[in-house]
Amino acid sequence: MSVFSALESPSETTSYVGRQHELAQVRSFLSRSRLLTLTGVGGVGKSRLARRFATEVRRAFPDGVRLVDFTSICDGRSVVPTVVEAFGLPECIGDTGIDAVAKELANKQSLLVLDNCEHLVEACAKFADAALRAAPGLRILATSRETLSILGECVLPVPSLSVPPAGVTLSPAALDEYDAVRLFVDRADAMVSGFVLDDRNAAAVATLCRRLDGIPLEIEIAALRLRALSVHQIVERLPNRFQLLTTSSSVARSPLHRDARASAQWSSELCSKHERALWARLSVFPGEFDLEAGEKVGAGSGMRADDVVYYLTHLVKKSILVRIDQDSRARYWLPETFRCYGRELLSESGDEASVMLRYRDWCKSSVPPATSGGPKPIRTAVKEPVAAPTLMARPAAGTEARFVLTRRELQIAELVSQGLRDKEIGAILMIAPRTVESHVEHIRVKLGFRSRTQIAAWVSRPIKSPL
Ligand SMILES: Nc1ncnc2c1ncn2[C@@H]1O[C@H](COP(=O)(O)OP(=O)(O)OP(=O)(O)O)[C@@H](O)[C@H]1O
Ligand SMILES: [Mg+2]
């Protein structure tokens with residue numbers, strides 16, 4: 001099995017979309033710093049970006065560009081021998097490997113790409129540090145879900161591809177401006193020859209790209225489904241995300257890229273028990289939340305509020321939780337695949353009932369009451385997002401209501417908990433029963449419940465009761 005490549009020739013077999021801005025950023029960072037790490041959620045395109053950059057700049061490095069892919073390496077002790085092998089150096093014993101690489105690179109101008117380091121962070125960090133000290137002409141571009149955290153490291157979080165805003169109908173031509181759409185159409189065309197974005201499928205493609213959070217891996221896997229399904233059918237099946245976003249290993253570059261679950265599971269395996277527990281608890285938030293909210297819902301069963309900030313920082317560092325800076329305060333958000341995976345972890349943890357009730361109580365206590373008449377709504381601090389949850393601090397693509405419980409939904413949830421039927425709720429709120437029904441369905445999906453009864457229980461039960 002080959003774990004290295006000298007990047008002698010470009011090896012891309014599929015089209016590359018967008019990323020001009022990020023490529024320029026990589027160039028600029030690497031001109032100022034000798035170690036740059038590309039971070040970001042699984043499948044967002046870190047490796048592809050690094051390879052693309054390395055291919056583009058290979059002539060600027062007279063002594064070559066090397067790429068070492070650690071995907072199939074499981075043991076930190078194999079890091080140095082793998083790099084030694086990539087440089088074609090004779091096999092070394094113990095720490096002599098670093099000396100051999102250092103000697104090889106000492107007077108050379110070269111770029112070393114360390115790809116997929118997150119499961120070997122410590123060993124990669126140690127190697128990078130030693131190699132950079134020994135070889136002044138060396139630059140390292142690493143990709144890792146988790147930063148290497150060594151002195152001199154620059155970090156560039158790779159954002160998801162741009163997605164169309166929610167709530168606006170755009171023409172096929174206008175949709176083509178969004179990188180996520182362009183990627184889907186490219187892959188769709190390869191799958192179903194003659195696939196075009198037209199008025200009949202434009203809205204479904206836009207919804208799909210948005211609900212896949214603009215993550216290239218998920219977009220590629222979804223496009224594979226076009227063999228058997230229409231875009232509309234793919235969107236309909238998205239609630240069963242893990243069944244939908246899966247493919248055969250022969251198509252995927254590595255087992256990690258076989259499906260959305262494998263990608264989330266990989267991140268989960270890199271977490272400590274407490275980090276995983278917090279991930280599970282934070283998955284109850286249907287949208288963005290702030291630290292105070294995270295502490296309220298996350299603390300409990302042996303985890304103190306003080307611990308929450310500690311583990312939450314780790315989840316950000318491992319590219320599981322996405323940090324969004326708004327109004328000078330950090331907010332956080334779980335990409336949908338990680339959120340769904342977190343909900344699975346939560347239901348297996350035995351903690352689900354108490355966490356959901358803490359979340360409910362936090363909703364009730366955090367926002368000023370509505371000033372208008374009508375039934376008193378449950379209060380909530382979940383704000384309508386001003387920005388779509390792009391995975392990074394990039395300009396927002398639009399709003400996405402699926403991530404938040406609206407005030408109207410919270411009102412309806414309270415009325416459901418009073419045992420009222422859709423017709424009665426409709427009469428109180430002066431809306432059609434069918435509208436109420438659709439609100440109830442939205443609430444159910446957002447909260448990850450299976451039934452109306454669970455919504456009622458969530459609103460009204462005291463904190464200690466099981467759901
Ligand atoms: N800009 C892009 N244009 C086209 N395809 C892309 C782009 N970015 C990523 N891809 C494709 O998406 C898939 C996932 O990309 P990649 O392996 O780079 O993700 P990653 O962030 O490195 O994931 P991981 O954290 O699992 O290592 C790959 O098949 C890749 O070719
Ligand atoms: Mg990668």
Side-chain angles (χ1 to χ4, degrees), residues 3 5 10-26 37-56 67-73 113-121 124 141-148 155-163 178-191 209 212-224 245-271 317-320 322 335 337-338 341 391-392 394:
V3 290
S5 136
S11 56
E12 289 176 309
T13 53
T14 54
S15 64
Y16 193 65
V17 172
R19 300 297 197 201
Q20 290 316 310
H21 177 63
E22 288 77 15
L23 282 164
Q25 278 185 308
V26 175
T37 304
L38 303 181
T39 60
V41 297
V44 80
K46 302 175 290 294
S47 297
R48 188 80 191 257
L49 178 62
R51 285 160 193 252
R52 181 82 179 185
F53 175 79
T55 307
E56 274 188 21
L67 185 142
V68 185
D69 183 351
F70 291 115
T71 308
S72 54
I73 305 294
V113 180
L114 302 179
D115 199 15
N116 301 311
C117 301
E118 56 273 332
H119 52 306
L120 306 165
V121 161
C124 287
L141 175 59
T143 83
S144 178
R145 294 187 189 186
E146 179 172 356
T147 57
L148 300 192
V155 176
L156 177 60
V158 178
S160 52
L161 296 178
S162 58
V163 296
Y178 295 92
D179 290 339
V181 172
R182 285 182 38 227
L183 177 61
F184 181 78
V185 173
D186 273 11
R187 298 297 182 264
D189 184 38
M191 195 52 48
C209 291
L212 298 178
D213 295 323
I215 296 178
L217 176 68
E218 297 187 4
I219 292 172
E220 286 190 330
I221 299 178
L224 293 173
L245 300 178
T246 178
T247 179
S248 71
S249 55
S250 58
V251 177
R253 190 168 61 80
S254 73
L256 191 57
H257 291 120
R258 202 179 300 149
D259 56 43
R261 184 193 294 282
S263 182
Q265 199 168 342
W266 179 245
S267 279
S268 149
E269 281 163 16
L270 303 173
C271 287
K317 197 168 150 239
K318 295 183 175 184
S319 306
I320 292 163
V322 179
T337 287
F338 282 16
Y341 192 81
L391 298 189
M392 277 309 313
R394 239 162 66 127

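Quantities reported herein were computed from a predicted structural model and do not represent experimental measurements. Below, all heavy atoms of this structure are taken into account, side chains as well, without hydrogens, waters or symmetry copies. We count ligands from 1, going down the list as the structure has it; atoms in each ligand are counted the same way.
- Under a 3.5 Å cut-off, the side chain of Arg48 and the backbone N or O of Gly43 do not form any donor-acceptor pair.
- Counting heavy atoms under 4.0 Å from ligand 1, residue Lys46 touches it through both backbone and side chain.
- Residue Arg19 has at least one heavy-atom neighbour below 4.0 Å for each of these atoms of ligand 1: 1 (N).
- For Leu270, the side chain to side chain contact (heavy atoms under 4.5 Å, CB included) test picks out Glu118, His119, Trp266, with sequence neighbours left out.
- Note on ligand 1: Gly40 sits outside its first shell, no heavy atom being nearer than 4.0 Å.
- Side-chain contact between Leu245 and Asp259: absent, with no pair of heavy atoms (C-beta onward) separated by less than 4.5 Å.
- Heavy-atom distances between Ser15 and ligand 1 reach below 4.0 Å in at least one pair.
- Ser15 and Arg187 form a side-chain donor-acceptor contact under 3.5 Å, judged by distance and modelled atom types alone.
- With hydrogens and angles ignored, the 3.5 Å screen pairs a side-chain donor or acceptor of Ser162 with a backbone N or O of Asp179.
- For atom 16 (P) of ligand 1, the nearest non-hydrogen atom from the set Gly18, Gly45, Ser319 belongs to Gly45.
- Considering Arg51, Glu220, Glu218, Arg145 only, the shortest heavy-atom separation from atom 13 (C) of ligand 1 involves Glu220.
- An N or O contact shorter than 3.5 Å links Val17 to ligand 1 by distance.
- In terms of N/O distances under 3.5 Å, ligand 1 is not approached by Leu49.
- Any N or O atom pair closer than 3.5 Å counts here, and Ser47 shares at least one such pair with ligand 1.
- Results of the side chain to side chain contact (heavy atoms under 4.5 Å, CB included) test with Pro335 over Val41, Ile320, Val44, Leu212 single out Val41 as the only residue that passes.
- Looking only at distances, no side-chain donor or acceptor of Asp213 sits under 3.5 Å from a matching main-chain atom of Ile215.
- Checked against side chain to side chain donor-acceptor pair (under 3.5 Å), Ser267 has the following partners two or more places apart in sequence or in another chain: Arg145.
- At a threshold of 2.8 Å, the Mg ion (ligand 2) has no backbone or side-chain N, O or S atom of Thr143 nearer than that distance.
- The heavy atom nearest to atom 30 (C) of ligand 1, considering only Arg48, Arg52, Glu118, is found in Arg48.
- Inter-residue side-chain proximity for Asp115 and Arg51 is flagged as met; some heavy-atom pair is nearer than 4.5 Å.
- Within ligand 1, counting atoms from 1 as listed, the ones closer than 4.0 Å to a heavy atom of Arg187 are 4 (C), 5 (N).
- The closest side-chain heavy-atom distance from Arg19 to Leu161 is below 4.5 Å.
- Within the 4.0 Å heavy-atom shell around ligand 1 one does not find Arg182.
- Under a 4.0 Å criterion applied to the non-hydrogen atoms of Tyr16, ligand 1 contributes the atoms 1 (N), 2 (C), 3 (N), 4 (C), 7 (C).
- Look at Ser47 and the Mg ion (ligand 2): an N/O/S atom of the residue is under 2.8 Å from the metal.
- Taking every non-hydrogen atom of Leu183 and a distance limit under 4.0 Å, the qualifying atoms of ligand 1 come out as 4 (C), 5 (N).
- On a distance-only criterion, Asn116 and ligand 1 share at least one N/O pair closer than 3.5 Å.
- Residues Cys209 and Tyr178 are not in side-chain contact: their nearest non-hydrogen atoms beyond the backbone lie 4.5 Å or more apart.
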